[in-house]
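Below: one structure, written as structure tokens.
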Amino acid sequence: MDMGKIYNAKEVEKKWSKYWVENKTFSAKIDKNKKPFTIVIPPANVTGSLHMGHALNTTLQDILIRFKKLQGYNTLWVPGTDHGGIATQTVVEKLLKKEGKTKYDLGREKFLEKMWQWRSETGDTILDQLKMIGCGLDWDRVAFTMDKSRSKSVKKAFIQMFDKGLIYRGKKLVNWCSSCETALSDIEVEYEDEKSNLWHIKYPLKDSGGYVIVVTTRPETLLGDTAVAVNPSDDRYTNLVGKILKLPLVGREIKIVSDYIVDKSFGTGAVKVTPAHDATDNDIAKRSNLETIEVIDINGRMINVPEKYLGLSIDEARKEVVKDLEEADFLEKVENYSHSVGRCYRCSTKIEPLMSEQWFLNVGEMSKKAVDAANDEKTVFHPHSWKKPYVLWLENLRDWCISRQIWWGHRIPVYYCVDDNGGKNNCKSIASFEEPKECPCCKGSKFVQDNDVLDTWFSSALWPISVFNWGEDENNEDLKYFYPTSVLATGHEIIYLWVARMVQFGFEFMNDVPYKDIFIHGIVRDNHGKKMSKSLGNVVDPRDIIEKYGTDALRFALAQSAAPGRDMQISEESFLAARNFANKIWNASRFILMNLEGIDKVDEEIDPLELADEWIIAEFKNTFAKVKSAYNTYNIDTASRELYDFFWTKYCDWYIELSKIRMMSSDINIKKQVLSILVYILKSTLQLISPVMPFITSEIWQILNKNAKIIAESELPSLNFSESLDSVEKMKNIQDIIVKIRTLRSQMNISPAVQTEALFNILDDAKEKIAKENENYIKQLAKISTIYFGKNMERPKNSALVVAGSFEIFLPLEGLIDINKEKARLAKETALVRQEIERTTAKLNNDTFVKRAPKIEIEKVRIRLNAATFKITKINESLKFLD
RNA sequence: GGGCAGUUAGCUCAGCUGGAAGAGCAUUUCCCUUACAAGGAAGAGGUCGCAGGUUCAAGUCCUGCACUGCCCACCA
């Protein structure tokens, strides 16, 4: 491919994303000689298309996979999608609505057909998008939470837990979404503050004229009250406990009970108790043995209430009840009040707590194991701070409501024995893969299956097991080899919903953790720190970024700000900067390739000849170590930044620039020698960058290596040669001189085209040697024509002064500088150096510092003071000279 | 109410086990120097949220406070 001045991302990306899939670069087979490194992808909902969160999540996983592959691991990254229960069903229901239909018009069977049809049309767009961003997934192992093998796992898991007695059916208070028409688990409810009222209601005492004032945000539930509760230590009510109240509007007699949960300081300290529609009240009812009266049904209509309220909606009932209370003088007062209200995490409808017959999973035992796993570091959070909330959540867990009253999902594999008319017989229900042939109780042969489906997170919880076909064979080789997986990468928003549950199920079914590490990354926010959402209109579509800046730029920008566990703000500029980095890589490579033209072969062995060579090798070794450790500890941001810094400011700005001296040599061997190092460092750096930016690095690697293995399958260099450590120090001296001369020239407005001479007055023989040996570097980069070294050289007229290290450097600038400007410059510098002298002197005069600080620190300060003193002497001489 | 993070240059963020404040973007000056103007060279810009403490030395450790964000909670 032609290397133009500007990197053409589109063409390159198309080529390589296709290549990896077609050549099965990332397909993994069991290889007992290699260590596996396994990740299972968090399966995206089939409703979804790629958003920034996916882009981040999958980029990070891809980086881990690609880096481990370079390190020689047998890597496997399993792709897949999730059927997405409620979320997906809602989407299709909306489509139906546009046709003026509901799911009931179609019936269950036809509706499910529609769901499957819809899934097959849109289900894999997200997978295609993962291919587009270069994910090194094993495409032979694509899984879907509702495909055959996964369904088998789900059934098997259910049946095992059912038979163990962990799964049971019961009527309990659940979270009901009247819009989705289903129960939800506790974590599927999101709480949000809402402005409302606090109604103060009088509950008259049966036997006396008095009354108790009760405070509530939900007056309509009064109709279902079965008690009023007060705190046992509340003096105001001590002699009322046990007394009978007459429930306003209803007339039912209810008791005053005491319960520790009641907060004396809230409201009047007396709480109405509605066991059927409030979790706290439900608990109180259990403790005090109260009756439970349901007054709201699953359609949000009033039931079991006086005639006039029967069938009203919750809102209507509230209005009526308040009106009637007021008219009958039961209403003491109404205050404004703000409190949090539960809403459905899928449709934001207000959640109604109500009594309902549901399936529950007893998670007590598996939770304990999941907690132990974290405490024993069998599974480790990165960053560690997420462990605590995880443990706290598991320790306070109620049983999981796993049934949903929707149609799209895994139908609960429980069968009921029925008579010829479809009426349920009084036999034991059976959990089974298929419909049973014969009822073990009554020998009947007619059955109906339970109507509910499982919570979508039930199949998600099995994911690390089910992708390896546990449902079909729990002793299969893949499971043995790849499980437990190496790491789970996910955002913190689903730690409870998903992460914790996978650990629970991992122990339940495999008696082991599902992954050794849990890598928690942040959430992508917009450049104002807001969460991206469609309703806010602040969504940045990764596909637009890819279109504008290229996939590598997208990936680099995300990687570079992915500090573990921290949310990130990302803006257009960061993608632009990343795009520029890609272009920089491209052009540096282009420079080297241009110089390789006409040269048949460059040494693979590197053989440093001079300071710059030794320096860049030492710097690279250092970078290599840092980057490797950063990748391996999930500090992807650190790795990215280190690479950026090394490549741009060390390799390009200094080494390539210095290499030009030898590149221009007429001696081909000298040119080849520097090229071999240029190529070696470039190739190795490309390898390290390749996990983050796989496209551009693959392309350049291929141009550079022609027929060799692609970069993704290459091996990292062993770097088993020694580096010269003092080269870094020496180079620093040279760089200091160059930068100072450049600064002076810049301040004097001397054109880069103008070459000047320089006189180096030397005070330190060792430093003289370094400068003399590398005078070419100074000449090349500071635009100096000739350097005169000497001792006590006389200062030329009309020259400027540079003090660098132990050199006093004069630049004769006849006609180029304004003497007054030079004087002003030196005066300004004097002020700075004086400050330095004061600071360091003060330190050295501090007895306790000299007594207690380590020698090396004292020595450093002394060196600084000497340097400053030297500098100020030279500046003063210079100022005198100029006068 | 509890927990967790954060507060460093105009903006977005680095600063590991305490020893002279860093990057990118934006900004100013000079430069189309044959890898790159999506670039190069140089400059300006910070009492590191506040208050104490430990230490010879604190952005870095400890305590308290303030503010911001997130999560959890049985906010009637």
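Throughout, protein chains are lettered first and strands after them, A, B, ... in sequence-line order, and every chain is numbered starting at 1.
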For residues 777-784 of chain A, which side-chain N or O atoms pair as donor and acceptor with protein atoms under 3.5 Å away, sequence neighbours left out?
{"unit_1": "A:Y777", "atom_1": "OH", "unit_2": "A:E610", "atom_2": "OE2", "d": "2.5"}
{"unit_1": "A:Y777", "atom_1": "OH", "unit_2": "A:A612", "atom_2": "N", "d": "3.1"}

Can you pull out the residues from residues 188-195 of chain A that lie within a 4.0 Å heavy-atom distance of RNA chain B? none

For residues 214-223 of chain A, which residues have at least one heavy atom under 4.0 Å from RNA chain B? A:V215, A:T216, A:T217

With sequence neighbours excluded, tell me which residues meet ring-ring contact (aromatic ring centres under 6.0 Å, His included) with A:Y655. none

Dot-bracket for RNA chain B, 5' to 3', with Watson-Crick and G-U pairs under 3.5 Å, [ ] for crossing pairs and | for other-strand pairs: what is it? (((((((..((((.....[..)))).(((((.......))))).....(((((..]....))))))))))))....

Can you name the side chain to side chain contact (heavy atoms under 4.5 Å, CB included) partners of [X], sequence neighbours left out?
| X | answer |
| --- | --- |
| A:H339 | A:S196, A:T217, A:Y337, A:V341 |
| A:T841 | A:I837, A:N845, A:L865 |
| A:R218 | A:T216, A:E220, A:T221, A:I296, A:I314, A:R318, A:E352, A:P353 |
| A:H492 | A:W386, A:I495, A:I520, A:I523, A:D567 |

For A:E619, all residues meeting side chain to side chain donor-acceptor pair (under 3.5 Å), sequence neighbours excluded: A:W615

From CD of A:E493 across to P of B:C72 the rounded distance in Å is 11 Å

Quick one: label A:R579 by what it contacts on the DNA or RNA (base, sugar-phosphate, nothing), any heavy atom closer than 4.0 Å. base

Heavy atoms under 4.0 Å, any strand shown: does A:V739 hit a base, just sugar-phosphate, or nothing? sugar-phosphate

Set out, line by line, the N/O atom pairs under 3.5 Å between protein and nucleotides 17-25 of chain B.
{"unit_1": "B:G19", "atom_1": "O2'", "unit_2": "A:E857", "atom_2": "OE1", "d": "3.0"}
{"unit_1": "B:A20", "atom_1": "N1", "unit_2": "A:E836", "atom_2": "OE2", "d": "2.8"}
{"unit_1": "B:A20", "atom_1": "N1", "unit_2": "A:R864", "atom_2": "NE", "d": "2.9"}
{"unit_1": "B:A20", "atom_1": "N3", "unit_2": "A:E836", "atom_2": "OE2", "d": "3.4"}
{"unit_1": "B:A20", "atom_1": "N3", "unit_2": "A:R864", "atom_2": "NE", "d": "2.6"}
{"unit_1": "B:A20", "atom_1": "N3", "unit_2": "A:R864", "atom_2": "NH1", "d": "3.4"}
{"unit_1": "B:A20", "atom_1": "N3", "unit_2": "A:R864", "atom_2": "NH2", "d": "2.6"}

With sequence neighbours excluded, tell me which residues meet salt bridge (charged side-chain N to carboxylate O under 4.0 Å, His left out) with A:K671. none

